[in-house]
Asker: 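Structure in structure tokens, see below.
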Amino acid sequence: MLLPDYHIHTARCGHAAGRMEEYIEHALALGLKEIGFADHIPMYWLQEGDRDPELAMPECDLGGYVAEVERQRELYPDITIRLGIEVDYIPGHENQARRILERHPFDYVLGSVHYVDGWGFDNPAYIHRYETCDLDELYRRYFKLVQQAAQSRLFDIIAHPDLVKKFDFKPTCDLQGLYDETARAFAEADVCAEVNTAGLRVPAGEIYPAEGFLRACRNNGVPVTMGSDAHLPNQVGHGFDRAMELLTRVGHIKIALFNERNIFFIIP
Ligand code: ZN
Ligand code: FE
Ligand code: FE
Ligand code: ZN
């Protein structure tokens, strides 16, 4: 098992469990050579009083998160540990995100669309909204936001780029057209797509993104990074065998690594 896992959360976010050491020990047991923590950024687009402590760490904790990753590097010299972060893309709040990102020496930044026009569509607490929403419109709107996220230049990687399928509500519109358009936007903005295995653990039951999306990435020369989106130590590297099968089936996709926001590639 040689693929790096670049999407690992920590207990600081308020909805993951286990100490950082436990995530690292699990990675070592699997034989991973490289991992990256990518915990949720503080909810910078809301007033402090309106931020949900179960969705992301408080702003005063961010320095502690960075310092803790740096400390783990010293404790575990046998594995490369990257400092990443998962950043919600909220249109109109780009400068606030940029100011936070400038303050710390991140190796990479994952950009995520978890909200469509204020609706946290991936949160089980708001799943009832699917009953009344126009699914075609939701998918079109979601992929537009993903494209805008890429164009914002805030991010190195777009995480789980078809997260909208999470609860398995399917639209009737042509998804391949949206995939192609989105992969072209990634190529133009020089961002990677994330292959995220958390999709295997939710009703969708398949890796993010769909195979058609990855074919579009291949056709447009968009590289990928790998992530389990672990919120528990034993989820590190989860489903990476399936991800590898998928990547092999699609073929000719480069797997990217990051150091201080510079990209390089795994030589297969
Ligand atoms: Zn989370
Ligand atoms: Fe996410
Ligand atoms: Fe995540
Ligand atoms: Zn995530």
Side-chain angles (χ1 to χ4, degrees), residues 4-20 22-23 26-27 35-46 51-58 61-62 65 69 82-90 93 97 101 106-116 118-127 142-143 145-146 148-150 152 154-167 182 191-204 206-210 213 224-240 243 258:
D5 188 341
Y6 268 14
H7 196 146
I8 299 175
H9 288 276
T10 79
R12 285 179 193 270
C13 71
H15 59 270
R19 290 173 303 115
M20 244 181 223
E22 294 176 81
Y23 288 88
H26 199 84
I35 59 169
F37 287 97
D39 216 347
H40 298 282
I41 196 169
M43 301 176 81
Y44 61 89
W45 63 97
L46 297 176
R51 299 178 186 178
D52 184 340
E54 293 189 0
L55 288 181
M57 68 178 98
D61 236 19
L62 187 56
Y65 163 71
V69 172
R82 302 288 180 193
L83 173 64
I85 188 159
E86 180 173 14
V87 178
D88 298 83
Y89 176 63
I90 309 288
H93 293 263
L101 294 174
F106 295 109
D107 288 309
Y108 59 86
V109 177
L110 296 178
S112 295
V113 174
H114 297 123
Y115 298 90
V116 169
W119 171 27
F121 66 86
D122 75 324
N123 187 334
Y126 309 117
I127 195 170
Y142 170 79
F143 282 107
L145 284 166
V146 167
Q148 246 178 276
S152 75
L154 283 168
F155 314 118
D156 304 297
I157 305 151
I158 302 297
H160 41 58
D162 64 349
L163 179 64
V164 68
K165 73 183 175 191
K166 176 173 177 177
F167 295 116
T182 306
V191 300
C192 299
E194 180 194 49
V195 174
N196 181 310
T197 56
L200 295 167
R201 309 192 293 268
V202 298
E206 61 170 51
I207 288 168
Y208 306 113
F213 192 111
V224 300
T225 63
M226 303 294 305
S228 65
D229 220 332
H231 285 72
L232 293 170
N234 68 9
Q235 289 172 342
V236 171
H238 169 257
F240 275 24
F258 283 87

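Read the numbers this way: they start at 1 and go in the same order the structure lists the ligands and their atoms. A quick note: this is a predicted structure, and the numbers were derived from the prediction, not measured. Side-chain atoms are counted along with the backbone in the values below, which use heavy atoms only and exclude waters and symmetry mates.
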Asker: Specify whether an N/O/S atom of His40 falls short of 2.8 Å from the Zn ion (ligand 1).
Answerer: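 Yes - counting backbone and side chain alike, His40 has an N, O or S atom under 2.8 Å.
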
Asker: For the residue pair His7 and His9, categorise the inter-ring angle as parallel (less than 30°), tilted (30 to 60°) or perpendicular (more than 60°).
Answerer: tilted

Asker: Could you tell me if His160 and Glu86 have a donor-acceptor pair between their side chains, going purely by distance under 3.5 Å?
Answerer: yes

Asker: What distance do Thr182 atom OG1 and Phe143 atom CZ have between them, rounded to the nearest 0.5 Å?
Answerer: 5.5 Å

Asker: OG of Ser228 to CD of Gln235: how many Å apart, nearest 0.5 Å?
Answerer: 7.0 Å

Asker: For Asp5 and Met226: C-alpha separation, side-chain torsions, deciding distance, then whether side chain to side chain contact (heavy atoms under 4.5 Å, CB included) applies.
Answerer: CA-CA 5 Å; Asp5 188 341; Met226 303 294 305; over 6 Å; no

Asker: Decide yes or no on side chain to side chain donor-acceptor pair (under 3.5 Å) for Tyr6 and Glu194, but give the supporting numbers first.
Answerer: CA-CA 9 Å; Tyr6 268 14; Glu194 180 194 49; over 6 Å; no

Asker: From the N, O or S atoms in Glu86, identify the one nearest to the Fe ion (ligand 2).
Answerer: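 Output for this pair reads OE2.
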
Asker: Suppose we only count N/O/S atoms under 2.8 Å; would Asp39 qualify as near the Fe ion (ligand 3)?
Answerer: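 Coordinating: no.
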
Asker: Do any N/O/S atoms of Cys13 come under 2.8 Å of the Zn ion (ligand 1)?
Answerer: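 Not a single backbone or side-chain N, O or S atom of Cys13 is under 2.8 Å from the Zn ion (ligand 1).
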
Asker: Quick check: of its N, O or S atoms, which one does His231 have closest to the Zn ion (ligand 1)?
Answerer: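 This turns out to be NE2.
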
Asker: Below 2.8 Å, can you find an N, O or S atom of His160 next to the Fe ion (ligand 2)?
Answerer: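 Yes.
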
Asker: Using 30° and 60° as the class boundaries, would you call the ring planes of His231 and His40 parallel, tilted or perpendicular?
Answerer: tilted

Asker: Specify which N/O/S atom of Asp229 comes nearest to the Fe ion (ligand 3), by atom name.
Answerer: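 Checking each N, O and S atom of Asp229, the shortest distance to the Fe ion (ligand 3) belongs to OD1.
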
Asker: Looking only at N, O or S atoms, which one in His9 sits nearest to the Fe ion (ligand 3)?
Answerer: NE2

Asker: Measuring to the Fe ion (ligand 3), does His7 have an N/O/S atom at a distance below 2.8 Å?
Answerer: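 Given the 2.8 Å cut-off, His7 counts as a ligand of the Fe ion (ligand 3).
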
